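These notes are about the structure you will find just below.
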Amino acid sequence: MRKYYRFIDGLRKFAKSRMEPDEALALARSLLQKRIAKREDNFLRLAERSIFQYSRSPYLPLLAAKRIAFGDLKAWVSKYGLEASLRTLEREGVYFTVDEFKGKVPVRRKGIKFVCEEGMFDNPYLSFVYEVRSGATRSAGTRIRIDFDYLHQRSLYDAFLLDLHGCLRAPIANWFPVFPGAPGINSSLRFAHIGNPAERWFSQVAEDQVRVNWEKRWGTKTIFAVHRLFGCPLAEPEYAGLNDAARIAQWASQALCEHSNCVIYTFAASAVRVCIAAAEANVSLKGARFLVTGEPLTPHKKREIESTGAVAIPVYGISEAGVIAAGCNQAHSQSDHCHLYKDTTAIISHQQVVPNFDLCLDSYLFTSLLYESPKILLNVGMGDFGDIDTEGCNCGFGELGFDTSLSNIRSYEKLTGEGVTFVDTDFIRIIEKDLPESFGGKSTDYQLIEEEDSKGFTHLQLLVSPRVGKVNESEVLARFMMLLKHGEASPESWAQSGIEMWQQSSMVRIRRDFPVCTASGKILPFQLGKRSNQLTKYATK
Ligand SMILES: [Zn+2]
């Protein structure tokens, strides 16, 4: 019972302490500045308490094996700086790849071997508040505990970001699936907290299409009730399927009659749908700001969004640390260029071989610097990779000292479409075992190819080799979707919304063709389609 009491108490305080937009902005400015100045101290304080002094920390065996004590780390940081110290740790084997972090493979370093568990990385000093699932299926879906203090911290970035784009007080609409997906409920709470609650919450999935347990249902109802009670009602989710994008376009065009800007926070592909609907209705979206997340803002998607006069702003988050980078208002050559929120996160890159794609690439390793972080991350990979640059920029982020930018961000571990993410392990068994058993052929007769069409939509082609002979294509497709829905994915998981959205968007299509082999002649369960051009520079030699 205590946990419910703490939940309600935390929620009540959170709702009561909401700010006015200007107040939130002023607080954001002063706090971000302070944290940038104290970045290294904050890191050391967190590392000392939640790693070196926490006997169950998963980092301790790695540090002990190399006899690295807190004093060493402290000396390195003061002498060489934070990133250089993180690189030293990485060279000494103090890091976790995404597969190690999720316990999919054992951690092996010289003389040590152990398996990680999900809970090991939880911040031990957070009071449990509420739980969300990351945007992926169970095997990937990390359980994330959200603390209201943490949400308060995150909401300050929203104030800063909205102001940077001239829309701190502009009307906001969210287009995200209903709970248990994290972005919808989290952004609703955060926007309300900075005094600009979302006017509407459209959901790509109807509430009765998702089965959630009573606890989550109760939690969500309580969040709404408490906010109503404190005079700050949150927009209730209203169903607008992917083919209903016109409704969001209509909302935006109405909002733009009365305001010079409006904000739509959604997945990149959903934003493209809104813009296509606006173009079809001959409606200009000049002044609209699309905050897009959940999947890469590719050049195609950006072009499609901006052709309506709107602006596309990439928001890059990882579920384990929330939003960690966002785009500014200056022109950059990379479509997904964003500034790292370096006061709370540090990133270095780590070279690793990715067997499923036959690639060697520089993956990102994340380190959390904020005391309220739900997970204690010290050089932890999340399956993402991309460019990291240090450069000045003539924008508000640049002025603040956010001089690290991320771009060309992709994942090697997940397949994402319409903002819905599935981890490759969900597919491997289906591709290599279930489909051959049901329809004939061998494991290498089936393959998934990820491609982006001319409008910027991602599709997955399910290749079925002609060697397999005659098959009923719609049966193969139905079986594939069924296995994805009922296989690894737990009934409560976010996967349910995902499958629903993939069905709405005809994400997966069957093609009769021979699976494609890699440069080294292997046939792997996945091929990255057009992305492989971009990836060849990483190809294993
Ligand atoms: Zn900038």
Side-chain angles (χ1 to χ4, degrees), residues 21 24-37 39 81-83 153-170 172 187 190 194 260-266 268 271 286-299 301-303 305-306 309-318 321-349 364 366-367 369-370 384-410:
L25 179 63
L27 186 60
R29 284 204 177 117
S30 73
L31 212 75
L32 299 187
Q33 242 156 16
K34 234 183 264 170
R35 281 207 300 247
I36 278 277
R39 188 169 182 254
L82 177 54
E83 274 73 14
Q153 296 293 344
R154 308 302 323 181
S155 71
L156 298 178
Y157 289 119
D158 295 309
F160 193 88
L161 180 66
L162 291 177
D163 180 66
L164 185 68
H165 291 278
C167 46
L168 180 61
R169 291 170 179 279
I172 301 175
S187 59
R190 296 197 322 259
I194 59 166
S260 48
N261 300 119
C262 72
V263 178
I264 297 160
Y265 193 13
T266 188
K286 194 168 180 338
R289 306 278 188 259
F290 282 90
L291 297 180
V292 300
T293 193
E295 60 196 321
L297 177 61
T298 59
K301 289 192 176 75
K302 187 177 164 79
R303 212 175 308 133
I305 295 169
E306 301 200 332
V311 172
I313 304 159
V315 174
Y316 173 55
I318 53 169
V323 173
I324 58 164
C328 71
N329 54 353
Q330 304 291 309
H332 291 281
S333 58
Q334 310 96 322
S335 58
D336 64 345
H337 178 283
C338 46
H339 288 267
L340 174 67
Y341 293 169
K342 64 182 280 187
D343 61 319
T344 50
T345 306
I347 299 188
I348 61 165
S349 62
Y364 289 157
F366 298 87
T367 295
L369 312 177
L370 184 67
D384 287 356
F385 65 95
D387 301 333
I388 308 175
D389 295 293
T390 307
E391 59 190 8
C393 184
N394 255 342
C395 71
F397 285 135
E399 275 166 36
L400 209 60
F402 283 9
D403 56 0
T404 303
S405 68
L406 307 177
S407 58
N408 295 315
I409 307 164
R410 297 291 184 270

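Only a predicted model underlies this, so the values are computations on that prediction, with no experimental measurement involved. Numbering of ligands and ligand atoms starts at 1, following listing order.
- Here the CG atom belonging to L340 is positioned 9.0 Å from the OH atom belonging to Y364, to the nearest 0.5 angstrom.
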Hey, mind stepping through D336 and K302 against salt bridge (charged side-chain N to carboxylate O under 4.0 Å, His left out) and telling me if it holds? CA-CA 8 Å; D336 64 345; K302 187 177 164 79; over 6 Å; no
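- Between the side chain of S407 and the backbone N or O of D387, no donor-acceptor pair lies under 3.5 Å.
- Between the side chains of H337 and E391, at least one donor-acceptor pair of N or O atoms lies under 3.5 Å.
- Aromatic ring pairs are classed by plane angle as parallel below 30°, tilted from 30° to 60° and perpendicular above 60°; the pair Y316 and F366 is tilted.
- Only protein atoms were considered; those of element N, O or S under 2.8 Å from the Zn ion (ligand 1) number 4.
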Using a 3.5 Å cut-off and no angle test, enumerate the donor-acceptor pairs between side-chain atoms of residues 392-400 and protein atoms at least two apart in sequence or in another chain.
none

